[in-house]
Enquirer: 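Here you go, one structure.
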Amino acid sequence: MTEQNEYPESGRVRARVIGTPPADAPIVDTDPIHAPEGVPGVIPQDPVKARKAERLVALLFLVTFLAGAGFIASYVIFQVGTIDKTAASNFALGGTLALALLALAAGLTVWVRQIMPKYNLVQERHDMRSDDGTREYVKETFVQGADESGFVKHRLLRRTLLLAAAPLGLAPLVLLKDLGPLPGTALRHTVWGEPTKDGKPRRLVVEGSGQPIRAADFNSPGGILSVVPEGYEEDLNALAKATLILLKFRPEELKSGTNLNWTHDGIVAYSKICTHVGCPAALYEQTTHHILCPCHQSTFDAADGARVVFGPAARPLPQLPIGIDEEGYLVAKSDFKVPVGPSFWERGDAEAEARENAS
Amino acid sequence: MNAPPKAIAGASTFVDDRIGAGNFLKRNLRKIFPDHWSFLLGEIALYSFVILLLTGTFLTFWFKPGMAEVTYTGNYAPLYGVKMSEAYASALNISFDVRGGLLMRQIHHWAALLFVGGMTVHMLRIFFTGAYRKPRELNWIIGILLLSLALLEGLTGYSLPDDLLSGAGLRITQGVAQSIPIVGTYVSFFLFGGEYPGHDVISRFYSIHILLIPGILLALVSAHMILMWVQKHTQMPGKNRTDKNVVGAPFYPAFMIKSGAFFLFTFGVIALLGTFAQINPIWLFGPYTPADISAGSQPDWYMGFLEGALRLMPSWEINFLDHTVTFSVLIPALVPLGLVMTGLALYPFLEQWVTGDRREHHIADRPRNNPHRTAIGISGMTFYGILWLLGANDELSANFHLDLYSTTWFGRFAIFIGPAIAYWITYRMCIGLQRKDAEVLSHGVESGVIKRMPNGQYIEVHTPPAEDIAEHIRGKQEIPMLESAEDGEGIPPKGARSALGRLRLKMSQAYGTDRVPLTDGHHEEGHEEEHAGVGAGDRKELH
Amino acid sequence: MIGTGISVNSITARRRHPLARVAVVALALGLLGGGYALTAPNGSTADAAIASGKADDVAQGKSLFVAHCASCHGLNAEGTKKAPTLIGVGAAAVNFQVSSGRMPAADAGPQAPRKPRAEWATDQAVDQLAAYVQSLGGGPTVPSAEQVDPAKGDPAKGGELFRANCIQCHNFVGAGGALTYGKYAPPLNPATPTQIYEAMATGPQAMPVFNDSTITPEQKRDMIAYITHVRSQVDPGGSGLGRIGPVTEGLVAWVVGLSLLILASIWITAKKRRAA
């Protein structure tokens, strides 16, 4: 630690720092704050200004002390529990913490800027590459080691080693298989197609309250309801595919895209799950009959079979065949005829298939 | 002080006796770090990462990454009795029932935004100053990896509280995963443990978020630092600064204190944000259900450009042989991210290929001095920026009463036209700034002194620029070009005979041609006449 | 409460009866013919007039209507090219539109914005106007003070319904959101409990209708309780940044956070220029 300007033991790093003490002086001797004048690259500060700065720094450090103490006091004083208490606690804890940190930061900055000397030291750089001798040495050592190991000469050893490594490399991937079941046809069905316990068609119920919906009650044109399948009100996996929006139209408003056989008295049910990437598409404008998805703004014309009128979605929202049971409540007559939600590789043109099956 | 205090000396001797730390310290204590404000931008990211580790650890003490349904009975009244996942309930608990919990949550989230923000501005600084050039290409690639991992880390963290907003992000992630050709359905089922949303994804994301990615990030950050340390920092051009030296302040004591101060500034500013600016108020969002969504559901800012790309895309999906490829998801999800990340990763090598430059560079370029690179960078930023803006088009539309579809249509055109315009403007600006530099060197700077000439002409006296500024300007380096000279028989060099070779040569010439060469400050006659109106008199003042 | 629901339903049901339309058209034609007949020939509308106010109010309302509304909605509220018919929209719709200043509309934008009330539109004038329109063809009535009292609602239950039915347009705290073609879901902050109720019951402008039989008056009151509770609640984490989610958060991260840190980095590294 005594020689500053030369590093005889390391050929590569020969950093020579101009302006540091002479080679024979101990480095720790040099108090940087009182660096001798006239050393190039180390420009001491004006002592008067430095003394002034010292007072400012001390003040800032004191502020940090007080704010830090305030933080601990706030932790004890301010309890949480209600939203107002939490607000007060957050304000007190955060305010004292921020003040403590910023005052300390400012103190250090003033210290380094106004008390420590200005530096303009120069250090040499060297090419990153090793010199040719070293490269040659490494190369020879590598070849020598490879020969000594016999890896090149013994072909059987080499090949069986590679063979041995292959299954081990695959093992971690194999272990991941049980992350999930295989998809099968799960994406093609929803719970609307499953029979209820008593074998009756499944009722549509209002999301949030779970009430079944009497068709005669849902009678205001321009009305909308978010609807879930009865019995699955809290099953998120089921809801991710089976949630509906239920819309009420005046009969003359419905256009040819809507399958009238699947409606009841101007009430139409569409899948709420956007065919783009699966957000619930539920912004409904009763004046234009547009259903807008808030995520990527795919827009569907609800009066015309929910065909796409704008945005990235490529397919209409699937329509659910609905009717009423003997008590007048809305029920699903069957499952969706096409898979709901975002596209997937195995999906194919399910709409065309459905049309063929229907005709 | 004549000798180190006993405590330090004793401990140092103990360590040095055992691991020989003295040799390392001897080489490194006075390592020189050049001073420039933009060299601290990366530290924003570094220190945010430290803060993320600290606050994140605090949060794990209370957070329960479970999707089992519980009934909320905590202190937030408007959700009392509501059924929700364990994860959401515990996140509410951290916010309202743990002292300092809300503050730590908010600091964690703000630090995450600044982590990626710091990385972004740091990367832009590196790009525009050409600091990725040899020998720093490896560190540049590590940086790109860090940025990509940070996006993934942000995505997994955003999903953990399992509120209605985070669930919307998760749903989009799932929709994108499902759309991948051939394997998409399997990817989705394996990720979510079956059908979306399943019961596994939160705990899986949790271990990815708190263990896997932070571990890799930590390793890469260390490598990033070590390489920077070994290669020494680049420096801005200036007096006595060359590719063979580094000028600045020593690590001990000056740079150490500066770094410490900047860590505290970073922590302080983030604490300030955590105190006075509410972030991710999960209690207002409600628990997640795939049936509901809020208007203005947005990702955090660093995912905004992907959101914008998805919004911009017109519908396009093809069916063939009973299979579906949905380009309206695949293109926006993969192309912009791929373009930006791959383009960034390859840029150092493409530039080398075009310029044929194999030298080491340690003097940073001023952005104006490499106009094509700067224009490419601004062009890329415009591309990103338009997608980013479009990611917020619903909020823009709602708050400034714009037509929603018009913003989309604007974006669909702007995404192609914007970068081109940005390229042209930036290029012209760089050339203009270079001219300004040349003028400062050759004519000096305006002194504000008006002088009347004997012939009645008024001139403003110019004074020579300050030495440091002049040296800074003179630090401009030539951009190398490929050899294009045909040999004596008119045969182009070997590499330039193929079509690709000719293109490369053309690009090289365009990239490297210096349109505004600097004069050395002494004036040829012709130059003087050109500016005679201003000239004549002030020359005498100068010399 | 249930009683109210049923009576409103029955009015609505009668209003939707095919014959009601014929009657209304006949009424409109008769009035156009020059007769200044005030008493409606239709039983249900007469009931409604009585239910919602005195016959004086209806007369006063009529003259207010002619003065301030008829130029767009037609002399007898039959509607014109500029504006829809108001027959059957009910007193709730009138109270909502006029008390929130949306009507009379200032100009033909994509959507009538909330603005300060017209000068003539005192509470009494709004009631009279509402009584007149109610007398024309029934429709949802103005809710009672009890029906919209947030203190009587259950905010947690209301929150679930609010998230299921409202936030997709109005955002998670009712900060509003964008719709197509320049339309927007307005912020709910300035809306009174009565206006929130009326908006659900009548579906003003692009908003869909949530009638009382599918979302009961109690459920509406729960939602009002949630909306008013959340909007008056402090933001424990500091400024709410407009409560519109990550967009403003990102903006603050860049504009405030990164800017402050860049200023700090400039301060730390700044050099004083030495005098030349």
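Naming: A, B, ... by sequence-line order, numbering from 1 per chain. Values in this document were obtained by computation on a predicted structure and should not be read as measured data.
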Enquirer: Give the minimum heavy-atom separation between N90(A) and G274(B), together with the two atoms involved.
Expert: ND2-O, 3.5 Å
Enquirer: Is the side chain of T275(B) donor-acceptor paired with the backbone N or O of F91(A) at a distance under 3.5 Å, no angle test?
Expert: no
Enquirer: Calculate, to the nearest 0.5 Å, the distance between atoms NZ and CG belonging to K272(A) and D292(B) respectively.
Expert: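 Nearest 0.5 Å value for the NZ-CG distance: 5.0 Å.
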Enquirer: Would you mind telling me which of V325(B), D322(B), V183(B) makes a side chain to side chain contact (heavy atoms under 4.5 Å, CB included) with W345(A)?
Expert: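 Per the side chain to side chain contact (heavy atoms under 4.5 Å, CB included) rule, the option paired with W345(A) is V325(B), out of V325(B), D322(B), V183(B).
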Enquirer: Do the side chains of E234(A) and K83(B) get close enough for a salt bridge, i.e. N-O under 4.0 angstrom?
Expert: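 K83(B) and E234(A): salt-bridged.
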Enquirer: Side chain from CB out, backbone as N, CA, C, O: work out which of these in R113(A) comes under 4.5 Å of a heavy atom of chain B, or both, or neither.
Expert: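 Contact with chain B involves no heavy atom of R113(A) at all.
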Enquirer: Test: side-chain hydrogen bond (donor to acceptor under 3.5 Å, both in side chains). Region: residues 172-193 of chain B. Which pairs qualify, not counting sequence neighbours?
Expert: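 Residue pairs with at least one partner in residues 172-193 of chain B: E346(A)-T185(B), R171(B)-Q174(B), Q174(B)-Q178(B), Q174(B)-S188(B).
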Enquirer: What is the minimum heavy-atom distance between L101(A) and A271(B), and which atoms define it?
Expert: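 That closest heavy-atom pairing would be CD1-CB, 4.3 Å.
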Enquirer: What part of Q278(B) lies closer than 4.5 angstrom to a heavy atom of chain A: side chain, backbone, both or neither?
Expert: neither
Enquirer: Let me know if P197(B) has heavy atoms under 4.5 Å from chain A in its side chain, its backbone, both or neither.
Expert: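 For P197(B), backbone and side chain are both near chain A.
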Enquirer: Highest number of heavy-atom pairs under 4.5 Å with chain B: which of T82(A), L182(A), I273(A)?
Expert: L182(A)
Enquirer: Taking C-beta and beyond as the side chain, do L310(B) and H276(A) meet within less than 4.5 Å on heavy atoms?
Expert: yes
Enquirer: Working to the nearest 0.5 angstrom, can you tell me the gap between R125(A) CZ and I363(B) CD1?
Expert: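 That separation rounds to 7.5 Å.
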Enquirer: Given the options T408(B), L273(B), L321(B), I172(B), which has more heavy-atom pairs under 4.5 Å with chain A than any of the others?
Expert: I172(B)
Enquirer: How far apart are the closest heavy atoms of P294(A) and A295(B), and which atoms are they?
Expert: CB-CA, 4.3 Å
Enquirer: Any Lys/Arg nitrogen of K118(A) or D35(B) sitting under 4.0 Å from an Asp/Glu carboxylate oxygen of the other?
Expert: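 No salt bridge links K118(A) with D35(B).
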Enquirer: Please rank A186(A), S89(A), A103(A) by heavy-atom pairs under 4.5 Å with chain B and give me the top one.
Expert: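 Greatest number of close heavy-atom pairs with chain B: A186(A).
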Enquirer: Where does V110(A) contact chain B at under 4.5 Å (heavy atoms): side chain, backbone, both or neither?
Expert: neither
Enquirer: Between F192(B), F276(B), W283(B), which has the largest tally of heavy atom pairs under 4.5 Å with chain A?
Expert: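 Most pairs with chain A among the choices: F276(B).
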Enquirer: Counting only non-hydrogen atoms closer than 4.5 Å, does N75(B) touch chain A with its backbone (N, CA, C, O), its side chain (CB onward), both, or neither?
Expert: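 Both the backbone and the side chain of N75(B) come within 4.5 Å of chain A.
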Enquirer: Based on non-hydrogen pairs under 4.5 Å, which of R241(B), K134(B), H233(B) is most in contact with chain A?
Expert: H233(B)
Enquirer: So which part of L99(A) gets closer than 4.5 Å to some heavy atom of chain B, the side chain, the backbone, both or neither?
Expert: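 Contact with chain B involves no heavy atom of L99(A) at all.
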Enquirer: Can you say whether E307(B) sits under 4.5 Å from chain A via the side chain, the backbone, both, or neither, judging by heavy atoms?
Expert: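 Both backbone and side chain.
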Enquirer: I'd like to know if K85(A) and D97(B) make a salt bridge, using a cut-off of under 4.0 Å between side-chain N and carboxylate O.
Expert: no
Enquirer: Can you see which heavy atom on K232(B) is nearest to which on Q123(A), and at what distance?
Expert: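 Looks like CE-OE1, 3.9 Å.
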Enquirer: Taking side chain as C-beta onward, heavy atoms only, is N240(B) less than 4.5 Å from V122(A)?
Expert: no
Enquirer: Based on non-hydrogen pairs under 4.5 Å, which of L244(A), N237(A), T243(A) is most in contact with chain B?
Expert: N237(A)
Enquirer: For each of Y196(B), F262(B), Y288(B), tally heavy-atom pairs with chain A at distances under 4.5 Å, and name the one with the top tally.
Expert: Y196(B)
Enquirer: Less than 4.5 Å to any heavy atom of chain B: does that hold for the side chain of L104(A), its backbone, both, or neither?
Expert: both
Enquirer: Which atom names give the shortest non-hydrogen contact between I293(B) and P280(A), and what distance separates them?
Expert: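 Reported closest heavy-atom pair: CG2-O, 3.3 Å.
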Enquirer: Mind ranking P342(A), A98(A), A314(A), P312(A) by heavy-atom pairs under 4.5 Å with chain B and telling me who comes out on top?
Expert: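 The answer is P312(A).
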Enquirer: Is the Y119(A) to F255(B) ring centre distance short of 6.0 Å?
Expert: no
Enquirer: Less than 4.5 Å to any heavy atom of chain A: does that hold for the side chain of T266(B), its backbone, both, or neither?
Expert: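 Neither part; nothing is under 4.5 Å.
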Enquirer: Would you say the side chain of L236(A) lies within less than 4.5 Å of the side chain of T289(B), judging by non-hydrogen atoms?
Expert: yes
Enquirer: Taking atom OH of Y405(B) as the centre, does the number of heavy atoms from other residues, nucleotides or ligands within less than 6.0 Å exceed 12?
Expert: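 More than 12 within 6.0 Å, yes.
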Enquirer: Chain A heavy atoms under 4.5 Å from Y76(B): which part of the residue, side chain, backbone, both or neither?
Expert: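 Just the side chain, heavy atoms under 4.5 Å.
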Enquirer: With a 4.5 angstrom heavy-atom cut-off, which part of I180(B) approaches chain A: side chain, backbone, both or neither?
Expert: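 It is the backbone, since no side chain atom gets that close.
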Enquirer: If we only count heavy atoms from C-beta on, is the V176(B) to V277(A) side-chain gap below 4.5 Å?
Expert: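 Contact flag for V176(B)/V277(A) side chains = yes.
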Enquirer: Between A333(B), G100(B), G248(B), which residue shows the highest count of heavy-atom pairs closer than 4.5 Å to chain A?
Expert: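 The answer is G248(B).
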Enquirer: With a 4.5 angstrom heavy-atom cut-off, could you sort out which part of F310(A) is near chain B: side chain, backbone, both or neither?
Expert: side chain
Enquirer: If I compare all heavy atoms of S95(B) with all of T86(A), which pair ends up nearest, and what's the gap?
Expert: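 The pair with the smallest heavy-atom distance is O-CG2, 3.3 Å.
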Enquirer: Side chain, backbone, both or neither: which part of A282(A) has a heavy atom under 4.5 Å from chain B?
Expert: neither
Enquirer: Would you compute the distance between atom CG of L102(A) and atom CZ of F267(B) and round it to the nearest 0.5 angstrom?
Expert: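 L102(A) atom CG to F267(B) atom CZ measures 11.0 Å (nearest 0.5 Å).
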Enquirer: Around H199(B), counting heavy atoms of other residues, nucleotides and ligands shown, do more than 12 lie under 6.0 Å from its NE2?
Expert: no
Enquirer: Let me know if E353(A) has heavy atoms under 4.5 Å from chain B in its side chain, its backbone, both or neither.
Expert: side chain
Enquirer: Which atoms of R359(B) are under 4.5 Å from chain A, going by heavy atoms: the side chain, the backbone, both sets, or neither?
Expert: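 It is neither, since no heavy atom gets under 4.5 Å.
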Enquirer: Hey, what do you get for OG (S343(A)) to CG (L330(B)), rounding to the nearest 0.5 Å?
Expert: 9.5 Å
Enquirer: Among the options P183(A), G81(A), A106(A), pick out the one with the most heavy-atom pairs lying under 4.5 Å from chain B.
Expert: P183(A)
Enquirer: Do you know which of M313(B), M67(B), E195(B) has the most heavy-atom pairs with chain A at a distance under 4.5 angstrom?
Expert: E195(B)
Enquirer: Considering only heavy atoms, which portion of L404(B) lies under 4.5 Å from any heavy atom of chain A: side chain, backbone, both, or neither?
Expert: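 For L404(B), the side chain is the part near chain A, not the backbone.
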Enquirer: As an exercise, state the distance from NE2 of H323(B) to CZ of R347(A), rounded to the nearest 0.5 Å.
Expert: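 These two atoms lie 13.5 Å from each other.
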Enquirer: What residue in L176(A), V228(A), V112(A), V308(A) has the most heavy-atom pairs under 4.5 Å with chain B?
Expert: V112(A)
Enquirer: Check the pair T109(A) / I257(B) against side-chain contact (heavy atoms from CB on, under 4.5 Å), numbers first and verdict last.
Expert: CA-CA 8 Å; T109(A) 309; I257(B) 305 284; over 6 Å; no
Enquirer: What distance separates D127(A) CG from E360(B) CD, expressed to the nearest 0.5 Å?
Expert: 4.5 Å
Enquirer: With a 4.5 angstrom heavy-atom cut-off, which part of F327(B) approaches chain A: side chain, backbone, both or neither?
Expert: neither
Enquirer: Measure from the side-chain N and O atoms of R99(B) to the backbone N and O of F78(A), and report whether any donor-acceptor pair falls under 3.5 Å.
Expert: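 Not a single qualifying donor-acceptor pair exists.
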